[in-house]
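Presented below is the structure to which this report refers.
The figures that follow rest on heavy atoms only: side chains count, while hydrogens, waters and symmetry mates do not. In the text below, chain A, chain B and the rest are named by the order of the sequence lines, each starting its count at 1.
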Protein chains: 2
Amino acid sequence: MQELGYKPNALARNLRRQQTSSIGMIVPDSANPFFAEVARGIEDTSFGQNHSVILCNTDGDVDKQAAHTDLLIKNQVAGILFVAAGISTELVNDLQRRRVPLVVVDREVPGVAVDTVLTNHLQGGCMATQHLVDLGHRRIACVSGGSDLSPSAERLTGYQQKLAQSGIPYDETLVVKGDFQYESGYEAARQLLALADPPTAVFACNDLMAVGVISAATQLGLRVPDDLSVVGFDDVRLASFTNPPLTTIAQPKYDIGVLATEMLLARVRNLDAPPRVERLDTKLVVRGSTAVRNEP
Amino acid sequence: MQELGYKPNALARNLRRQQTSSIGMIVPDSANPFFAEVARGIEDTSFGQNHSVILCNTDGDVDKQAAHTDLLIKNQVAGILFVAAGISTELVNDLQRRRVPLVVVDREVPGVAVDTVLTNHLQGGCMATQHLVDLGHRRIACVSGGSDLSPSAERLTGYQQKLAQSGIPYDETLVVKGDFQYESGYEAARQLLALADPPTAVFACNDLMAVGVISAATQLGLRVPDDLSVVGFDDVRLASFTNPPLTTIAQPKYDIGVLATEMLLARVRNLDAPPRVERLDTKLVVRGSTAVRNEP
DNA sequence: GTGAAAGCGCTAACAC
DNA sequence: GTGTTAGCGCTTTCAC
């Protein structure tokens with residue numbers, strides 16, 4: 001009968017049913033390999049459950065985020081996934097008041113009870129630093145991210161904790177702030193290595209910056225890991241293929257996306273269930289960019 | 001009046017107007033940096049024109065592509081962007097018969113008149129090879145991609161043309177097929193470098209594979225570029241930060257996304273305009289991974 | 001079981 | 001100008 005190309009109109013169906021099968025995914029930058037991996041997890045499981053995902057990039061811009069959110073709710077999305085976007089307490093409150101299902105990923109929203117999936121960044125920061133300490137390093141630098149972002153702040157805290165536990169005095173000239181891009185790791189390393197008493201190791205708060213650090217160090221004639229140990233964070237695909245291969249803290253990027261999507265869909269089914277927060281473990285992956293400290 | 005949170009229901013609006021402001025974007029893998037950059041161009045300009053983009057990954061799987069396309073047209077998307085997905089002539093014909101606006105990106109669909117935006121891959125392949133020839137190399141390998149993909153095939157053709165023009169005999173043991181991922185570049189290099197008469201230079205058909213090649217070469221104790229020159233393709237952000245920095249063929253990834261979106265939106269406005277095909281130029285970017293051939 | 005009818009929230013067309 | 005109305009294509013309910 002309708003073998004001549006009939007496709008039901010989902011618009012009419014959705015209008016009638018008062019719900020769509022689209023979910024909004026809001027990320028700072030889908031071209032960043034970390035978010036890209038999380039996004040794959042989201043898209044794959046959404047597709048598996050017959051849902052479409054609408055991609056929104058904010059570049060960390062609050063206005064853009066507001067505009068995207070607005071567009072999403074006008075389009076009656078079934079729910080929204082905030083992946084480490086600049087979500088604020090007010091926005092989340094507003095959304096909850098409107099009863100739009102949402103889960104926030106890779107970031108904490110202070111003072112709100114909301115579904116959340118995040119990584120144990122503190123643990124990761126500790127492991128990275130401990131690894132460096134174990135290798136005999138005492139001048140350990142940290143290239144952090146924006147301090148207003150909870151993942152970044154927690155990683156830095158882990159670094160500070162382990163330093164303290166190891167009896168290494170905290171030297172604030174050794175922590176420089178980056179923005180999670182290659183370039184900022186590169187710049188940070190140049191600054192750090194120009195110090196009178198430069199570090200022998202650096203913990204970069206993500207892999208991209210770690211790659212930037214290695215790049216800068218190499219250009220300055222230093223050998224990694226002989227002259228400088230570097231550890232990253234995320235364990236992006238690339239990390240296995242840098243030169244040298246990157247020692248890093250792995251987090252389950254794809255699975256974060258999968259879990260977040262499942263939580264969102266569960267929330268859609270039951271808006272009044274108690275909020276759930278999942279915190280996933282990290283893992284140290286030792287590759288070639290770290291080595292025992294060279295005695296000068 | 002409606003300062004108490006009224007948002008128009010776009011569903012109803014769209015149902016009535018018989019058109020939505022969503023566009024479907026179908027890519028093989030949004031986590032691949034090349035597609036990720038193109039996707040950013042698409043998402044940004046869509047957002048700028050008040051359109052939402054629905055993200056669909058196919059992983060090169062024809063069934064997944066069909067399922068995604070189906071879902072998109074059920075959702076009455078305004079149009080579809082195929083970014084180098086496995087689109088076939090029949091699919092495109094079917095879509096055109098249904099009068100759904102579409103533009104295909106980074107790939108040619110043989111025998112169909114359809115809006116297309118692509119890069120001059122042939123030119124790029126020529127430039128990469130010529131660069132290597134100019135540096136004195138004569139044993140130049142090529143790590144290609146799937147031969148069924150037009151970008152890949154054209155780059156390879158460029159390589160072969162320049163070899164012929166330079167009087168270098170074509171040695172098919174020097175071309176090995178990859179899949180555009182890091183790993184396959186790595187494997188290809190191991191195979192190539194184990195040859196009795198190994199290459200002194202390799203042209204990898206994308207940057208990811210080039211990074212894999214450098215990784216393998218370095219592990220085998222070769223120095224890049226002294227012992228082996230490597231050129232990539234795409235000029236991904238990473239290319240500036242590899243060790244050594246990667247010489248590569250740049251293509252305007254972001255702009256491809258922008259242009260494709262503009263063409264799609266124009267097509268939505270006028271379904272019956274003559275099809276348009278845009279072919280963008282590439283550019284050689286010389287960095288540190290290529291050097292004059294070392295006389296043994 | 002099969003069939004008719006109302007209505008989701010909006011817009012365009014038409015009347016006033 | 002301002003106000004009313006029909007109908008987009010589907011689902012759900014209710015009558016048969």
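- B:Arg16 comes within contact range of at least one nucleobase, with a heavy-atom separation under 4.0 Å.
- Taken from CG in B:Asn50 to OG in B:Ser21, the straight-line distance is 7.5 Å, to the nearest 0.5 Å.
- Counting to the nearest Å, the C1' atom of D:dC8 and the CG atom of B:Asn9 are 13 Å from each other.
- Atoms CG (B:Leu11) and P (C:dG9) sit 11 Å apart, rounded to a whole Å.
- When the options B:Arg155, B:Arg279, B:Glu154, B:Gln251 are evaluated for a side chain to side chain donor-acceptor pair (under 3.5 Å) with B:His121, the one that passes is B:Arg155.
- Of the candidate nucleotides D:dG9, D:dG7, C:dC8, D:dG9 has the atom nearest to the side chain of B:Gln18.
- Atom pair B:Lys74:NZ and D:dG9:P shows a separation of 17 Å (rounding to whole Å applied).
- In this structure, A:Asn14 atom CG and D:dC8 atom C1' are separated by 14 Å, rounded to whole Å.
- Between A:Gln76 and C:dC8 there is no side-chain N or O to OP1 or OP2 distance below 4.0 Å.
- Distance, B:Ile73 CD1 to D:dG9 C1': 15 Å, rounded to whole Å.
- Separation of atoms CG (B:Asn9) and CD1 (A:Ile73) is listed at 10.0 Å; rounding is to 0.5 Å.
- C:dC8 atom P lies 17 Å from atom CD of A:Gln19, rounded to whole Å.
- The CZ-C1' distance, from B:Arg13 to C:dG9, rounds to 12 Å in whole Å.
- Checking side-chain atoms of A:Asp179 against main-chain N and O of A:Gln181 turns up a donor-acceptor pair under 3.5 Å.
- When distances run from any side-chain atom of A:Arg17 to the nucleotides C:dT11, D:dT11, C:dG9, the shortest one goes to D:dT11.
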